[in-house]
Every structure is written in structure tokens, then in C-alpha cells.
Number of protein chains: 2
Amino acid sequence: MKKTRNTQKQDYVIDILTNAKHTMSVEAILKAMPIKVNKTTVYRILERFAEKGKVHFVTGEDGKAYYALCNDCNVKHEMHNHIHFQCKSCKKVTCLPYEIEVPELKDFEVQETQFLMIGICDMCIS
Amino acid sequence: MKKTRNTQKQDYVIDILTNAKHTMSVEAILKAMPIKVNKTTVYRILERFAEKGKVHFVTGEDGKAYYALCNDCNVKHEMHNHIHFQCKSCKKVTCLPYEIEVPELKDFEVQETQFLMIGICDMCIS
DNA sequence: TACACTAAAGCAACTTAGTTGCAATAATAC
DNA sequence: GTATTATTGCAACTAAGTTGCTTTAGTGTA
């Protein structure tokens with residue numbers, strides 16, 4: 001395994017995702033940063049974390065990637081088979097505590113899953 | 001309901017999707033067109049078809065939209081709860097004949113679903 | 001068949017997420 | 001303290017998708 005270093009910016013990303021109520025886009029993470037960080041840096045930090053399984057992401061219906069910390073989700077499963085919900089109005093993506101029972105596929109070697117439900121959230125419905 | 005017109009270009013899109021083995025990106029549809037068509041046109045044709053329920057799309061892990069004809073998938077269900085598979089190597093997205101049992105969500109009004117499994121397909125594994 | 005209405009198509013310019021290659025910076029090991 | 005190299009920054013780029021406006025061409029009516 002490649003050597004890694006601890007940096008302040010990586011810590012900030014973890015802090016921000018830890019305190020996040022929803023999954024976050026790179027754009028949102030950048031805005032939440034207490035110091036100025038380049039977007040490429042954030043992309044690469046998240047890429048590294050995703051490889052290590054610290055973070056997972058879903059691609060929203062809008063084509064953007066939304067990131068969240070991995071809590072117990074993949075410790076047990078190696079995969080993130082829980083559902084995400086994206087609100088069409090506010091675009092927020094939320095991790096939901098529902099696991100999907102995934103079928104065995106014959107012609108495909110499955111590495112990840114992304115289950116997304118799309119609609120309107122409570123906050124936006126009123 | 002708004003009036004619609006039948007045009008050659010719309011027919012071509014339907015033809016192409018009918019003969020497609022996989023879901024198709026707008027780029028792929030454009031390439032498959034027997035005549036020159038503007039990309040904006042294809043986007044708008046697909047948008048109209050999606051509204052009418054003739055077509056559905058999944059957002060791939062790559063953030064691109066992949067379109068497929070709706071066969072019996074939404075006639076019965078109003079939603080497209082089948083699984084899609086995207087190959088990380090060739091990027092192809094395939095509709096799979098597996099329905100997902102979706103949970104009732106309390107805080108969200110669900111309008112659509114996108115279930116994506118990601119990995120390597122048989123063709124690319126060798 | 002000719003005409004009016006307007007849906008559909010074309011065009012060009014734009015927006016934005018994400019990427020790339022390379023140079024500068026700074027953790028870590030010695 | 002110094003060397004090594006992981007990490008960050010920067011600028012330029014790519015590509016998907018959008019927007020506003022003009023032009024073209026289905027379709028209904030006379």
C-alpha cells in the first residue's frame with residue numbers, strides 16, 4: 001500500500017463530512033472549508049478517501065457526485081447497499097437506513113452499488 | 001396536454017433506442033443518427049419522451065445520462081424499479097430484469113428511482 | 001391547395017463538473 | 001537538517017448539458 005501523509009486539509013474534509021447532515025458535493029465542501037483550498041485538491045482528497053473506504057459517493061440525478069462518510073455501512077458489507085434520496089428541488093442527497101437486497105448477477109462482476117430514489121423532500125414540499 | 005408533432009428525427013431516436021442492446025448516451029444516439037441532427041434537438045426529443053414515459057434514463061457513475069426505451073417497465077409500475085448495470089471499463093449501461101422492492105419513505109415523496117450496480121461486464125473482464 | 005399557427009429543430013454561446021500535467025510546497029523518515 | 005516524495009496549487013482543458021433566439025416544418029382549417 002502506498003504511503004500516505006496526514007494534512008490539515010484532509011482533516012478539514014473529514015470534519016466537514018462528519019458534521020454534515022447530508023451528502024455533500026465538492027462545491028459544497030469547498031464552501032464549507034475554513035481556509036482556501038483548491039478544488040483539485042478536494043477532488044483528490046476525496047478520491048483517496050474513497051479508495052480507502054473512508055468515504056463513499058453517489059452520483060445524483062443531476063450528474064454530480066455527492067460524498068458521505070462511511071460509518072458502519074461498508075465495515076460489514078464491503079459495499080454501500082443502502083439507499084440514497086435526492087430532492088429534485090433542493091438537490092440534497094441523503095443516506096437512508098435501508099439496505100437493498102442485491103441479486104447475484106451472472107454476466108457482471110459487481111464492485112459497487114448506487115441506489116437512488118428521487119423526489120421531493122419534506123422541507124421542500126410545503 | 002400540449003400538442004405534439006411527428007417528425008422524422010423523433011422516429012430515428014425511437015428506432016435507434018429500439019435496436020439498442022444497451023442504454024445510450026446522447027452522444028451515442030447522435031453518432032447512430034443516419035442524418036445530421038443537432039445535439040440540442042436530441043436532448044429535447046429525449047426530454048419530451050421521458051415526460052411521456054416512452055423513455056427512461058439512468059445517471060451513470062460517470063455523471064452522464066443513459067437512455068432506454070420503456071417497454072413494460074413502467075406500464076405496470078409507474079416507476080422504473082429495475083436495476084441497471086454500468087461497466088467501469090466500457091461504460092455501457094444495461095437494463096437488468098430485476099425489480100427492486102422499494103421501501104415506503106416517510107419524509108420523502110418519491111417520484112423516480114435509479115438503481116445502479118457498477119463493476120465489470122463479461123465482455124471487458126477477459 | 002394555400003395559409004396560419006406554433007411545435008420542433010438549429011445554432012452559437014454559455015455554464016459547470018471534473019480532469020490533466022506540471023511546478024511548488026510540506027509531511028515524514030533518516 | 002536534509003532528502004524523498006505525497007500532497008497541494010494553478011492554469012488550461014474537456015465534455016455534458018443548457019439557454020435564448022431564430023428558422024424550419026408539421027398540422028389543422030378554409
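Chain naming here is simple, since letters A, B, ... match the order of the sequence lines and numbering starts at 1 in each. All of these numbers come straight from a predicted model, not from anything done at the bench.
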Going by heavy atoms closer than 4.0 Å, what residues in residues 11-18 of chain B are next to DNA chain D? none

Residues from residues 32-43 of chain A lying under 4.0 Å of DNA chain D - heavy atoms: A:Lys36, A:Val37, A:Asn38, A:Thr40, A:Thr41

Per nearest nucleotide of DNA chain D, the residue lying toward the 5' end, B:Ala65 or B:Arg44, is B:Ala65

Can you pull out every salt bridge (charged side-chain N to carboxylate O under 4.0 Å, His left out) where at least one residue sits in residues 27-41 of chain B? Sequence neighbours excluded, please. B:Glu27-B:Lys31, B:Glu27-B:Lys64

Report yes if the side chains of [X] and [Y] come closer than 4.5 Å at any heavy-atom pair, otherwise no.
X        : Y       : result
A:Ile35  : A:Tyr12 : yes
B:Gln114 : B:Thr59 : yes
B:Met24  : B:Tyr67 : no

Hey, what's the ring geometry for A:His82 with A:His56, parallel, tilted or perpendicular (30° and 60° as the breaks)? perpendicular

List the steps and the verdict of side-chain contact (heavy atoms from CB on, under 4.5 Å) for A:Tyr66 and A:Gln86. CA-CA 10 Å; A:Tyr66 290 86; A:Gln86 180 169 38; 3.6 Å; yes

Between B:Arg5 and B:Gln10, is there a side-chain donor-acceptor contact under 3.5 Å, judged purely by atom types and distance? no

Do the charged groups of B:Lys91 and B:Glu61 touch, with an N to O distance under 4.0 Å? no

Protein-nucleotides 27-30 of chain D N/O pairs closer than 3.5 Å?
{"from": "D:dT27", "atom 1": "OP1", "to": "B:Asn6", "atom 2": "N", "distance (Å)": "2.9"}

Whole-Å gap separating P (D:dT18) and CD1 (B:Ile45): 15 Å

Using whole Å, what does the distance between atom P of nucleotide D:dA6 and atom NZ of A:Lys52 come to? 13 Å

Who else is in the cluster with B:Ile125 when I, L, V, M, F, W and Y are joined by side-chain contacts under 4.5 Å? B:Ile120

Chain A vs DNA chain C, heavy-atom contacts under 4.0 Å, first-to-last nucleotide span, 5' to 3', is C:dA17 to C:dT28

Please report the interatomic distance CZ(B:Phe57) to OG1(B:Thr23), rounded to the nearest 0.5 Å. 11.5 Å

Please test B:Val110 against A:Ile118 for side-chain contact (heavy atoms from CB on, under 4.5 Å), starting from the C-alpha separation and ending with a verdict. CA-CA 6 Å; B:Val110 179; A:Ile118 298 140; over 6 Å; no

